[in-house]
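The structure displayed is predicted, hence computed values, not measured ones. Position 1 is the first residue of the sequence, and the numbers go up from there.
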Amino acid sequence: MHNPVLLVIAHGSRDPRHAATVHALVERAQSLRPGLRVERGFLDFNAPSVPRVLERLAAEGVRDVVALPLLLTRAFHAKADIPAVLRAAPPVLRIHQAEVLGPSPLLLSALERRLYEAGLGPAQKRSTGLVLASAGSTDPEAIAVIAEIARELRHTGWCAVRPAFASASLPRTEDAVRQLRAEGCERVAVAPYVIAPGRLPDRIAQGARDADVLADVLGPAPELARLLLERYDEARTRTLVAASA
C-alpha cells in the first residue's frame with residue numbers, strides 16, 4: 001500500500017509573506033521524511049487552490065490523501081470550510097482529515113524557541129510576564145483552548161501569562177502588556193501564537209510596542225515541521241485501524 005499523500009491546507013492571504021512561510025514549513029516537513037509526498041493548497045487568495053490540487057492528484061492516479069489543516073485551533077475553518085471543500089473532491093479520492101495542529105507540546109517548544117531567538121534568556125522567565133497573542137476567533141472552543149494554553153504556560157516558570165487576541169475577542173495585546181506591567185513583572189514578552197505573517201500578526205506586533213521582547217511568528221520552526229508529520233501519522237494510523245476493523 002502506498003503512503004497517502006499529505007496535503008497541507010493553509011488559509012491563504014493577500015500578504016506574500018504568508019504563502020512564503022507556508023512553503024518553507026512544508027519544505028522543512030518534506031526534508032524530514034524524504035519518501036513522503038507533501039503538497040500544499042490554499043483556501044483563498046493564493047495558488048494552488050485546494051480543489052485544483054485535489055483534481056490534479058486524482059488525475060495522476062492518487063487514491064489516498066491525508067488533508068491537514070494548517071490551523072492552531074478547531075475554529076470555523078476546521079469545522080466548516082475545510083470539510084466542505086473536501087466533500088467536493090473527486091470521488092476517486094479517499095480523503096482523511098487530520099486534526100488541527102494545536103494544542104501540542106511541540107507548539108509550546110516552538111513558542112519558547114522564538115522567544116529565546118528574540119533575545120529573552122531562559123533565566124529571565126521567572127521575572128517575565130508573557131502575552132500569548134493569538135489571531136482571535138468568534139468560536140468559544142478556540143477561545144477556551146487559548147485560555148487553557150495560557151494556564152499551562154503559567155506553570156512552566158513565567159512570572160504571569162495573559163492571553164490576548166488580534167481580532168474578535170478581548171483583551172488586545174496592548175491591554176495584556178499593561179496588565180502584566182501593573183502586576184509587577186520585571187519585563188514583558190509577547191509571543192505571537194500564529195503560524196505565518198499577515199494583517200493580524202502585524203496587529204499583534206503593533207500592540208507589543210511597549211513590551212520588552214516581541215517574538216517572531218512560529219513559521220517554519222522545526223517543531224512545527226515535526227508536528228505536521230505527527231498529525232499525518234495519527235490520521236494514517238486511524239485510517240489503517242478503521243480499514244482492518
Side-chain angles (χ1 to χ4, degrees), residues 10-11 13 15-29 70-73 101-136 145-167 169 171-228:
H11 182 271
S13 169
D15 188 321
R17 296 174 297 168
H18 174 90
T21 302
V22 171
H23 293 318
L25 176 56
V26 168
E27 282 162 19
R28 187 158 213 162
L70 197 61
L71 300 168
L72 298 177
T73 58
L101 298 179
S104 165
L106 285 168
L107 286 171
L108 301 188
S109 297
L111 206 70
E112 289 210 341
R113 171 190 291 275
R114 293 300 187 227
L115 284 161
Y116 297 150
E117 288 171 351
L120 189 74
Q124 295 175 311
K125 264 178 88 168
R126 197 158 294 285
S127 54
T128 301
L130 179 66
V131 178
L132 180 71
S134 79
V145 166
I146 299 300
E148 178 59 31
I149 292 168
R151 280 193 293 273
E152 280 181 33
L153 281 166
R154 175 67 186 88
H155 297 302
T156 64
W158 298 95
C159 166
V161 181
R162 290 281 177 274
F165 306 93
S167 70
S169 323
R172 294 285 178 258
T173 303
E174 52 270 35
D175 301 326
V177 170
R178 276 196 294 273
Q179 281 178 351
L180 290 168
R181 291 261 187 246
E183 286 176 32
C185 293
E186 196 175 305
R187 71 188 63 75
V188 176
V190 174
Y193 191 66
V194 292
I195 295 171
R199 180 174 54 87
L200 294 179
D202 283 349
R203 195 178 288 173
I204 290 170
Q206 195 175 359
R209 284 191 311 268
D210 294 331
D212 302 289
V213 176
L214 170 63
D216 200 357
V217 297
L218 298 172
E223 294 85 357
L224 253 70
R226 283 170 49 208
L227 185 53
L228 261 58

Item to check | Residue pair L224, L107: steps toward the side chain to side chain contact (heavy atoms under 4.5 Å, CB included) verdict | outcome: CA-CA 7 Å; L224 253 70; L107 286 171; 3.5 Å; yes

Checklist entry - How far does CD1 of I149 sit from CD1 of I146, to the nearest 0.5 angstrom? => result 4.5 Å

Checklist entry - Do you know which two heavy atoms are closest between P192 and L111, and how far apart they sit? => result O-CD1, 3.8 Å

Next on the checklist: Less than 4.5 Å apart, side chain to side chain, heavy atoms only: is that true for D212 and R181?
Outcome noted: yes

Checklist entry - Given side chains that start at C-beta, do those of R113 and P222 come closer than 4.5 Å, heavy atoms only? => result yes

Checklist entry - Is a side-chain donor or acceptor of R114 paired with a backbone partner of A118 at a separation under 3.5 angstrom? => result no

Checklist entry - Quick one: CZ on R178 to CD on E183, what's the gap to the nearest 0.5 Å? => result 13.5 Å

Checklist outcome for this item: When rounded to the nearest 0.5 Å, the distance separating NE2 of H155 from CZ of R151 is 8.5 Å

Checklist entry - How far apart are the closest heavy atoms of L228 and A29, and which atoms are they? => result CD2-CB, 4.0 Å

Next on the checklist: Just so I know, are the side chains of P220 and T21 near enough to count as touching, which here means a heavy-atom distance under 4.5 Å?
Outcome noted: yes

Item to check | Test: R199 and D202 ion pair at under 4.0 Å | outcome: no

Checklist entry - Is the shortest side-chain N to carboxylate O distance from R226 to E223 below 4.0 Å? => result no

Checklist entry - Heavy atoms, side chains only, cut-off 4.5 Å: are I204 and Y193 in contact? => result no

Checklist outcome for this item: Heavy-atom nearest pair, A208 first then L214, reads CB-CD1, 3.9 Å

Next on the checklist: Does V194 form a side chain to side chain contact (heavy atoms under 4.5 Å, CB included) with L200? I'd like the steps, not just the answer.
Outcome noted: CA-CA 9 Å; V194 292; L200 294 179; over 6 Å; no

Next on the checklist: Give me the atom names and distance for the closest heavy-atom approach of A150 to L132.
Outcome noted: N-CD2, 3.9 Å

Checklist entry - Quick one: does R172's side chain have a donor or acceptor within less than 3.5 Å of a partner on F165's backbone? => result yes

Next on the checklist: As a quick check of understanding, evaluate side chain to side chain contact (heavy atoms under 4.5 Å, CB included) for I195 and V217, giving each step before the final call.
Outcome noted: CA-CA 6 Å; I195 295 171; V217 297; over 6 Å; no

Checklist entry - Side-chain contact, heavy-atom cut-off 4.5 Å: V22 with L25? => result no

Checklist entry - side chain to side chain contact (heavy atoms under 4.5 Å, CB included) between S167 and R203: does it pass, once the steps are laid out? => result CA-CA 9 Å; S167 70; R203 195 178 288 173; 3.9 Å; yes

Next on the checklist: Testing the basics here: between V213 and L115, what is the closest heavy-atom pair and its distance to 0.1 Å?
Outcome noted: CG1-O, 4.3 Å

Next on the checklist: How long is the straight-line distance from NE2 of H18 back to NE2 of H11, given to the nearest 0.5 Å?
Outcome noted: 7.5 Å

Checklist entry - Under a 4.5 Å cut-off applied to non-hydrogen side-chain atoms, are Q124 and E186 in contact? => result no

Checklist entry - With side chains defined as the heavy atoms from C-beta onward, is the minimum distance between L108 and T156 less than 4.5 Å? => result no

Checklist entry - What is the minimum heavy-atom distance between A176 and R162, and which atoms define it? => result CB-CB, 4.0 Å

Item to check | Gap between atom SG of C185 and atom CZ of R126 - 0.5 Å precision | outcome: 12.0 Å

